[in-house]
Each structure stands twice: as C-alpha cells, then as structure tokens.
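Written below as structure tokens is the structure these notes are about.
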Amino acid sequence: MDISPVVGHRIHPYFITSHLPFSITKCSQSLPANSVTIKNNNNNTKSKYIPKTKDYNSISHQSRQSAMLDIQQSKDLQLALSRSGGVLKVQDLNIVMREFGKQNRLKDLSQLFEWMQQNVNLNFASYSSYMKLMGKSLHPNKALEIYNGIEDKLVKVHPSVCNSVLGCLIKSGKFENSFDMFRRMKQDGLVPDVVTYSTLLSGCAKVQDGYTKATELVQELKNNELKMDSVIYGTLISVCASCKRCKEAENYFNQMKSEGHVPNDFHYSSLLNAYSVDGNYEKAEEIYKEMKLAGLVPNKVVMTTLLKVYVRGRLFEKARELLTELEVLGYAEEEMPYCLLMDALSKAGTIDEAKLVFSEMKIKNVKTDGYAYSIMISAFIRNGLLEDANELASEFEAKYEKYDVVILNTMLCAYCRTGEIENVMKLMKKMDELSINPDRNTFHILIKYFVKEKLYMLAFKTLQDMHSRSQQLDEELCSTLMFQLGKTGAHAEAYTVYNMLRYSKKPMCKDLHEKVLYILIAGRLYKDAYVVFKDNARLISRPAMKRFSSSFMRFGNINLINDVMKAIHTSGYKIGEGLFSMAVTRYIDQPEKKDLLLQLLEWMTGQGYIVDPSTRNLILKNADLLGRQQTAEILSKQHVMSKLKSIKST
DNA sequence: GTAGGGTTAG
C-alpha cells in the first residue's frame, strides 16, 4: 500500500510549517491601542443614570431616537457612530446593542461595543448584554479580557456582569475556569444570586461527576439563604438527566411541585430526558400525559425528547409514529429527530434501516448541520464499512461548507482508517483555515494514524502539539509511540513522551519506567536512565537494574558512578561483586577521579560490602595511585569485616 | 429606565 506523501521518502510540505501540524490559532485580539475609557466623576453605577449636565439633559428624546435609528440603519457603522454616537446615553447604546443581537448582527455588535468602550462610560448592562448577545461567538479569552479591563469595582462584581462572564466560560466548555473565576469573584466582593448558581449549575451537565458538583452548589445556595426558583429546578433536573440520575431528577421535579412551582416545557423535557437514560417509556408516557392534562401543549423539544425515550427503549415503531407526528406539526424540519432515530438504529445493529432514514431525510430536504453525516459516518466506521464512511465524508465535503470539530473528527477518522492521506491533509488545512481548534479526539485520531503508518516523528510532533495545548494524553497510545520511537532510534523523543506522561495528572502504568529505561540505555542516554532508575527503582526488575547498572559503569558519566551505586543499594538491591569491580576498573582508568574511588570504597565498606579478591588485587596494584596509607586503611577494614562475616557464617 | 440562568443530536 502506498500512502506515501509522508511515508518512505519526504514529509509532505504541509507538515513542514512553523508549528506542526496545526498552526497556533490566534484567539485573543488585543484591544485597540487608544481604548481609554472616557470617565465621568461618578464611580457609583447608579449615578450614571442621572444626567450630568444641563446640556446633556437637554438633548431631546427625539434627537436621541433618530441617532439610534441612524446607527442601526447606516451602511457604514463607524461613520454613523462618529456622526450620531455622541448624543447617545449609555442606555441608548445598550438598546442598539440588543437590537443588533436580535438581528444576529454580531459583527456590528462587536464594533459598537468597541466604540462604546472607547467613548462611553459603560455600565453593567452594557457588559452583561454584550457577553450574552455574543453567545458562543465570544471567545472566552476575549470575554475575560473585557472583564479584566473593567475598572469600576462595583461594575466588576455586579452579579449580572459576573454571571455573563461565567456563562461565557461555561458555554465554551471551560467549566474548571469558570469555577476558579467564581471563587475569585467572590473574593472580590461578588454576592452570588440564583442566576449565578443556575449558570454554574448548567455547566455541571457537561462534566463528569457534574452531579456531585451540582449538589455542592445547591448546598452553597442554601447556605446563602437563597431560594430555589423554577429555573434553578429546571437546570437541576437537566443536570440529573445528563448525569444519568433519573431518580434524583424525579425527586427535584416533585420537590419543585410541592414548593408550588408549576412545571413548564423545560421541566418536562428535562425529566423526559432523564427517563430516556434507560428508555423508561412507561414513566415517560405517564409524565407526557400529565403534561397535557395540565393544559400544556408539548413543543418540539418535548416531543423530540419523548422520541429519544422511545429509541433508547428500542421502541422503533413508536418512534416512527412519533416522527410522523413531528413531521405533520412541522417539527421535523431540522435533523434532530432523524439523528436520534438513525443513531439508535445503527447502534442496535440495523445499519440498513439507519441508511434508509438517512436517505429519507435527504429526500425531504431536511436541513443538516453535519450531525446526520457524522452519525452515519461513525456508524459505517463502527461496522467496518470504511469505504462507505469515506464516500459519505467526501459527499459532505463536496456539499457543505459548515464544519465543526466533531464532524471534522469523524471525517478525519474515516479518511485515516482508509489511509487517504491526501484527504487527511486537506481536512487539516481546512481546520486551520477555519480556525477550528483540534480537540483531544482530533489529536488522538491523528497520532493513531501516524503510528499506524509508521510516521513516528510526525506522531511525536503531533503529540507535542497536543501536550502544549494541555490536552490530556492517552497513555496506551503514548506508550506505543514511546516504544516505537525507541525502536527506531529516536531515544530522546521517546524519553520526552515518557516525561509528558509522567508529569500529566494521571498516575501512569508501572511498566513504563522500565520500558523507557531500556530505551535510554539503548540510546546511551545514561544520565536520563539514572534519573528514571533513581525515581522508580522499586518498580524496576532485577534484569533491568542489572542492564542499567552495568551499562552505566562502563559508559555513564564517571562522576555519577557513586550515586548510581547508592541508588541501587537504597532501592533494596545488593551491589554485586562484578559491578563493584567494573566501577573500580573504570576509576583506575581515570586516575584523576581517585577521590571518588576512595569515597566509594569507604562507603561500600561502611555498608558492609566486601571486595572480591581480584578487585582487591587490582586496588593493591594501584596503591601508589590511590595513596598507600588510605588504601591500606580501607583494605584492613575490609579484612576485618570479611573475617567477621566468615565467623558469623560458620 | 437596567441584567444574567434551564429542554433534544454527532
């Protein structure tokens, strides 16, 4: 098989870019250089609503209205701002921001916000609205930059500002960061409210062990004497559902009702989602009925979630009926329900049925964002239908220009499995162009592929890239790569891989130390080998220890010989006569190191080691070199010791 | 005259 733009001869030019294999995506733009906020003298947020001068007050309502319209309707926003922005108060500009948000004019929104940063004293509403309206489009670093740039301390700890920053972090998956941030905000004086807690709780739905964290947050909320409201309950039920805590979801649902809150669509769909975990359609149907009896009309999400319950319970007939119902109601214009059905069908082993749904969906012109494709591609890969997977990936590429990291990963996986390197590289370039950040999965797929193709150095560079982005490494893959690097002579790289694993948070497999020790010996990297041995001596087997120590005595740094001896002794192994003799020979070859030899002899004697006759002779022969008197002293101690030992043993 | 939070898919 020839897969070889990279294999065999040269690495494809694409890989010889500055930083392999992805270029570093620039994510934080800096603020304009002149972004100095114009200040008034009021530091109090409240006072900003009070007009400050007669002139300011006299600007008529009407002229402000027309200025706002001008800004909203102008083709050149910058121009309109310099023309009309001056007469507007911060709350007027906030209104315009919200208008832009409503119209999804995100670019204008950002431009307006930047202008406001430079020209107006922003209030808390400006910050929180901006971050909310930008939603997922606001890079978390940018949000933090904005937040850190807030000088007014009261604005900075305003709950709505804090909440929107936290929300932004959570939306972009930075749950841990949001938690740290929350701690710091509290230190700075934030008094969290229910919204803060529900914001943080919503992050719990996305992390492992989220339920435990959620429980802690609920406790904190209660300690702060805050009351759970309907939204908090909604969030909690959804957290339970995501964490597969069906019973707990039910409990919160009932608790909420008993406190007099009336459940709405959110509560019902989250509870249904909890029932979907084990496909408990009986309970689901019960609650669905209850909802209708309460006078609520199930919306798209509720019905789709019920469909999820059916497919999880493998009630495909019921699911199909419900899908038809959704279609009739116009609730199946997006791919979600089809995705649920296809995914479940393919996982139930009926991939042909899934294919049928997929083609049905295409005939009906259902909109797709790539979910359906990635489900089918993964299904093909799972079933070993690599050609089909590959074909579908190409089809998606040809038809759509919408990518995210998941669909890209799925496609990468398909191409990697069939060994289509040209396509793999095309996708990687695309990822770079679209500034889509590779995630742990991306790296994993690539490294695995490079290893399979024996492109170990490329795999290594990719691993380094992954590590530099603080992605958690996969130990098994690293271990394979380390071994292969060692085998192909890249000893230092193998050691780098070992160290990446060693200093990552997870405890590593015990064999790895010994494996890397052999690699380091083979690569004559004795000093590194010594470090590995010393730090893990108790996990190193006798044969490995012997190989290490004898290599070190012959070729390792002479200045470390005594340390190696001590390390062997400390780890519980006995220093053998052979090893000792090797060390002595090595020292005698380098007379300038005689002090070290004397130290060694002294120490060995102190530990009760006895010199074998031939080494003893060797020392005697070189007594001039070592200093007669010292040699005599040591050897006599040795003599006494050996006598004692022989007495003991008889 | 202000603000932030919860539901379904890969």
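Lettering of chains follows the sequences in order, A, B, ..., and the numbering in each one begins at 1.
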Proximity to the side chain of [X] - top-ranked nucleotide from [options]:
X	options	value
Ile232(A)	dT7(B), dG5(B), dA9(B)	dG5(B)
Thr304(A)	dG10(B), dG5(B), dT8(B)	dT8(B)
Phe124(A)	dG5(B), dT7(B), dT2(B)	dT2(B)
Ser160(A)	dT8(B), dG5(B), dA3(B)	dA3(B)
Ser198(A)	dG5(B), dA3(B), dG6(B)	dG5(B)
Ala125(A)	dG10(B), dT2(B), dA9(B)	dT2(B)
Thr235(A)	dT2(B), dG6(B), dG10(B)	dG6(B)
Thr199(A)	dG5(B), dT7(B), dT8(B)	dG5(B)
Ser374(A)	dA3(B), dT8(B), dG10(B)	dG10(B)
Tyr371(A)	dA9(B), dT7(B), dG6(B)	dA9(B)

Would you say [X] and [Y] make side-chain contact, with heavy atoms under 4.5 Å?
X	Y	result
Leu272(A)	Lys308(A)	no
Asn119(A)	Leu81(A)	no
Asn141(A)	Glu145(A)	no

Would you mind classifying the nucleic acid contact of [X] as base, sugar-phosphate or nothing, using non-hydrogen atoms under 4.0 angstrom?
X	value
Ile407(A)	base
Asn273(A)	sugar-phosphate
Ser230(A)	base
Ser238(A)	sugar-phosphate
Glu335(A)	base

Do any side-chain nitrogens or oxygens of [X] fall under 4.0 Å of OP1 or OP2 in [N]?
X	N	value
Asn163(A)	dG5(B)	no
Arg98(A)	dA3(B)	yes
Lys300(A)	dT8(B)	no
Lys132(A)	dG5(B)	yes

query: Quick one: does Asp404(A) reach the base of dG10(B) with a side-chain donor-acceptor pair under 3.5 Å?
result: yes
query: Under 3.5 Å, is there an N or O donor on one side and an acceptor on the other linking the side chain of Asn409(A) and the base of dG10(B)?
result: no
Met336(A) CE - dG10(B) P separation (whole Å):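 Computing the Met336(A):CE to dG10(B):P distance gives 9 Å.
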- prompt: Rounding to a whole Å, what distance do you find between Met303(A):CE and dA9(B):P?
  reply: 17 Å
Side chain to side chain donor-acceptor pair (under 3.5 Å) evaluation trace for Ser110(A) with Tyr130(A): CA-CA 8 Å; Ser110(A) 293; Tyr130(A) 178 65; 3.1 Å; yes
query: Given the side-chain rings of Tyr233(A) and Phe253(A), with only the six-membered ring counted for Trp, is the space between their centroids under 6.0 Å?
result: no
query: Taking the six-membered ring of Tyr373(A) as reference, does the NZ or CZ atom of Lys399(A) fall below 6.0 Å from its centre and within a 45° cone about the axis?
result: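 No, Lys399(A) and Tyr373(A) do not form such a contact.
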